[in-house]
Amino acid sequence: VDTYRKIFLTGAILLVDTQKGSNKILRLAVASIVSVLYFGILLAYRPYKRSDDYNLAFLSNFLLISCFILGIILKHCTDNNNIDEGVDDESGTCDQFIGLSLNSFKASIMVVILSMGMLLITVGFLILLTINKITAPTVCMVSSGYAPDL
(Lines give C-alpha, C1' and ligand atoms only; values in the text may rest on other atoms or scores of the structure.)
Protein backbone atom coordinates (compact mmCIF):
# COMPACT_ATOMS: atom_id res chain seq x y z
CA VAL A 1 0.00 0.00 0.00
CA ASP A 2 2.85 2.38 0.86
CA THR A 3 4.55 1.76 -2.48
CA TYR A 4 1.34 2.49 -4.41
CA ARG A 5 0.87 5.70 -2.43
CA LYS A 6 4.42 6.80 -3.23
CA ILE A 7 4.00 5.99 -6.93
CA PHE A 8 0.71 7.89 -7.02
CA LEU A 9 2.07 10.96 -5.22
CA THR A 10 5.19 11.16 -7.38
CA GLY A 11 3.96 10.11 -10.83
CA ALA A 12 0.25 9.58 -11.25
CA ILE A 13 -0.66 12.90 -9.63
CA LEU A 14 0.72 14.58 -12.77
CA LEU A 15 -2.12 13.00 -14.77
CA VAL A 16 -4.72 14.85 -12.70
CA ASP A 17 -5.90 17.90 -14.68
CA THR A 18 -3.05 17.90 -17.20
CA GLN A 19 -4.11 21.17 -18.87
CA LYS A 20 -4.07 23.57 -15.91
CA GLY A 21 -3.04 21.24 -13.08
CA SER A 22 -0.07 23.25 -11.95
CA ASN A 23 -2.25 26.36 -11.56
CA LYS A 24 -5.17 24.80 -9.69
CA ILE A 25 -5.72 23.30 -6.28
CA LEU A 26 -7.13 19.97 -7.51
CA ARG A 27 -3.74 18.21 -7.42
CA LEU A 28 -3.10 19.39 -3.88
CA ALA A 29 -6.57 18.32 -2.79
CA VAL A 30 -6.23 14.84 -4.35
CA ALA A 31 -2.76 14.40 -2.83
CA SER A 32 -4.11 15.50 0.57
CA ILE A 33 -6.98 13.00 0.35
CA VAL A 34 -4.64 10.14 -0.60
CA SER A 35 -2.29 11.04 2.25
CA VAL A 36 -5.12 11.25 4.78
CA LEU A 37 -6.44 7.85 3.63
CA TYR A 38 -2.99 6.33 4.07
CA PHE A 39 -2.73 8.06 7.45
CA GLY A 40 -5.95 6.30 8.49
CA ILE A 41 -4.57 2.94 7.31
CA LEU A 42 -1.38 3.61 9.22
CA LEU A 43 -3.29 4.38 12.41
CA ALA A 44 -5.72 1.47 12.09
CA TYR A 45 -3.40 -1.38 11.11
CA ARG A 46 0.04 -0.38 12.49
CA PRO A 47 1.89 -2.16 9.65
CA TYR A 48 5.37 -1.84 11.15
CA LYS A 49 6.76 -4.28 13.71
CA ARG A 50 9.19 -1.85 15.30
CA SER A 51 7.71 1.15 17.05
CA ASP A 52 10.52 3.40 15.76
CA ASP A 53 9.56 2.62 12.16
CA TYR A 54 5.92 3.26 12.96
CA ASN A 55 6.71 6.59 14.67
CA LEU A 56 8.85 7.72 11.74
CA ALA A 57 6.16 6.75 9.20
CA PHE A 58 3.51 8.49 11.30
CA LEU A 59 5.55 11.68 11.59
CA SER A 60 6.61 11.79 7.94
CA ASN A 61 3.03 11.26 6.74
CA PHE A 62 1.79 13.96 9.12
CA LEU A 63 4.39 16.38 7.74
CA LEU A 64 3.41 15.47 4.18
CA ILE A 65 -0.25 16.22 4.90
CA SER A 66 0.77 19.49 6.55
CA CYS A 67 2.81 20.50 3.50
CA PHE A 68 -0.12 19.81 1.17
CA ILE A 69 -2.46 21.86 3.35
CA LEU A 70 0.05 24.70 3.57
CA GLY A 71 0.27 24.58 -0.24
CA ILE A 72 -3.51 24.96 -0.44
CA ILE A 73 -3.32 27.94 1.93
CA LEU A 74 -0.59 29.52 -0.20
CA LYS A 75 -2.60 28.94 -3.37
CA HIS A 76 -5.73 30.54 -1.90
CA CYS A 77 -3.89 33.56 -0.56
CA THR A 78 -2.06 34.63 -3.71
CA ASP A 79 -2.89 37.97 -5.25
CA ASN A 80 -3.44 36.44 -8.70
CA ASN A 81 -6.34 34.28 -7.52
CA ASN A 82 -8.14 37.29 -6.13
CA ILE A 83 -7.69 39.35 -9.30
CA ASP A 84 -8.86 36.48 -11.55
CA GLU A 85 -12.05 35.96 -9.57
CA GLY A 86 -12.93 39.66 -9.61
CA VAL A 87 -12.75 40.12 -5.85
CA ASP A 88 -12.14 43.73 -4.95
CA ASP A 89 -10.62 42.96 -1.57
CA GLU A 90 -7.04 41.74 -1.87
CA SER A 91 -7.60 38.94 0.64
CA GLY A 92 -11.10 37.87 -0.46
CA THR A 93 -10.59 34.17 -1.22
CA CYS A 94 -8.11 33.73 1.57
CA ASP A 95 -10.51 35.25 4.08
CA GLN A 96 -13.43 33.26 2.67
CA PHE A 97 -11.78 29.81 2.64
CA ILE A 98 -8.99 30.03 5.22
CA GLY A 99 -10.52 32.50 7.65
CA LEU A 100 -7.56 34.87 7.70
CA SER A 101 -7.04 38.15 5.85
CA LEU A 102 -3.65 37.48 4.26
CA ASN A 103 -2.01 38.74 1.11
CA SER A 104 0.53 36.57 -0.69
CA PHE A 105 3.48 37.90 1.33
CA LYS A 106 1.83 37.34 4.71
CA ALA A 107 0.67 33.88 3.60
CA SER A 108 4.22 33.02 2.52
CA ILE A 109 5.61 34.19 5.85
CA MET A 110 2.97 32.14 7.70
CA VAL A 111 3.85 29.02 5.66
CA VAL A 112 7.57 29.51 6.34
CA ILE A 113 6.96 29.95 10.09
CA LEU A 114 4.70 26.89 10.25
CA SER A 115 7.22 24.85 8.24
CA MET A 116 10.00 25.85 10.62
CA GLY A 117 7.77 24.95 13.55
CA MET A 118 7.10 21.52 12.05
CA LEU A 119 10.82 21.07 11.47
CA LEU A 120 11.61 21.97 15.09
CA ILE A 121 8.93 19.60 16.36
CA THR A 122 10.33 16.82 14.16
CA VAL A 123 13.88 17.39 15.35
CA GLY A 124 12.67 17.51 18.96
CA PHE A 125 10.76 14.27 18.48
CA LEU A 126 13.80 12.56 16.97
CA ILE A 127 16.03 13.81 19.79
CA LEU A 128 13.53 12.51 22.34
CA LEU A 129 13.48 9.09 20.64
CA THR A 130 17.28 9.04 20.58
CA ILE A 131 17.55 9.93 24.26
CA ASN A 132 15.02 7.23 25.13
CA LYS A 133 17.03 4.65 23.18
CA ILE A 134 20.32 5.70 24.72
CA THR A 135 19.05 5.71 28.29
CA ALA A 136 17.12 2.45 27.94
CA PRO A 137 18.33 -0.10 30.49
CA THR A 138 20.44 -2.97 29.19
CA VAL A 139 21.03 -6.40 30.60
CA CYS A 140 24.56 -6.88 31.92
CA MET A 141 26.25 -10.05 33.08
CA VAL A 142 27.13 -10.05 36.76
CA SER A 143 30.50 -11.71 36.23
CA SER A 144 31.88 -9.28 33.63
CA GLY A 145 29.60 -6.23 33.83
CA TYR A 146 29.20 -6.19 30.03
CA ALA A 147 26.22 -6.96 27.84
CA PRO A 148 26.09 -10.63 26.79
CA ASP A 149 27.14 -11.60 23.28
CA LEU A 150 24.05 -13.06 21.69
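Excluded from the calculations below are hydrogen atoms, water molecules and symmetry mates; all remaining heavy atoms, backbone and side chain alike, are included.
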field: Minimum heavy-atom distance P148-V139, with the two atoms named
entry: CD-O, 3.4 Å
- request: For I131 and T135, work out which heavy atoms get closest and say how close.
  value: O-OG1, 2.7 Å
- request: Begin with the C-alpha distance, continue with both residues' side-chain angles, and end with the deciding distance and a verdict on side chain to side chain contact (heavy atoms under 4.5 Å, CB included) for F125 and L56.
  value: CA-CA 10 Å; F125 184 71; L56 185 61; over 6 Å; no
field: Hydrophobic cluster identity match, Y45 and Y54, side-chain contacts under 4.5 Å
entry: yes
task: Measure the spacing between CZ of F68 and OG of S35 and express it to the nearest 0.5 Å.
output: 4.5 Å
- line: So CG of L63 and OG1 of T122: to nearest 0.5 Å the spacing works out to 4.0 Å
task: State, to 0.1 Å, how close I73 and M110 come at their nearest heavy-atom pair, and which atoms those are.
output: CG2-CE, 3.5 Å
- prompt: Just by distance, do the side chain of N55 and the backbone of S51 share a donor-acceptor pair under 3.5 Å?
  reply: yes
- line: Closest non-hydrogen contact found for V30 with I13 is CG1-CD1, 3.8 Å
field: Hydrophobic cluster membership, I65 vs L43, 4.5 Å side-chain cutoff
entry: yes
statement: Taken to the nearest 0.5 Å, the spacing of F39 CZ from L64 CG works out to 11.0 Å
message: Let me check something: do L42 and L37 share a hydrophobic cluster, defined by ILVMFWY side-chain heavy atoms less than 4.5 Å apart, either directly or through other members?
response: no
- prompt: Honestly curious: do F105 and I113 fall in one hydrophobic cluster under the side-chain, below-4.5 Å linking rule?
  reply: yes
query: What heavy-atom pair brings R27 and V16 nearest, and what distance separates the two atoms?
result: NE-O, 3.0 Å
- line: Distance col, row L70:CG vs M118:CE, nearest 0.5 angstrom, shows 5.0 Å
task: Specify the closest pair of heavy atoms between V34 and R5, including all atoms of both residues, with the distance to one decimal.
output: CG1-CG, 4.1 Å
- line: Here the gap from D53 atom CG to R46 atom CZ, rounded to the nearest 0.5 Å, amounts to 11.5 Å
query: What distance do Y4 atom OH and L9 atom CG have between them, rounded to the nearest 0.5 Å?
result: 15.0 Å
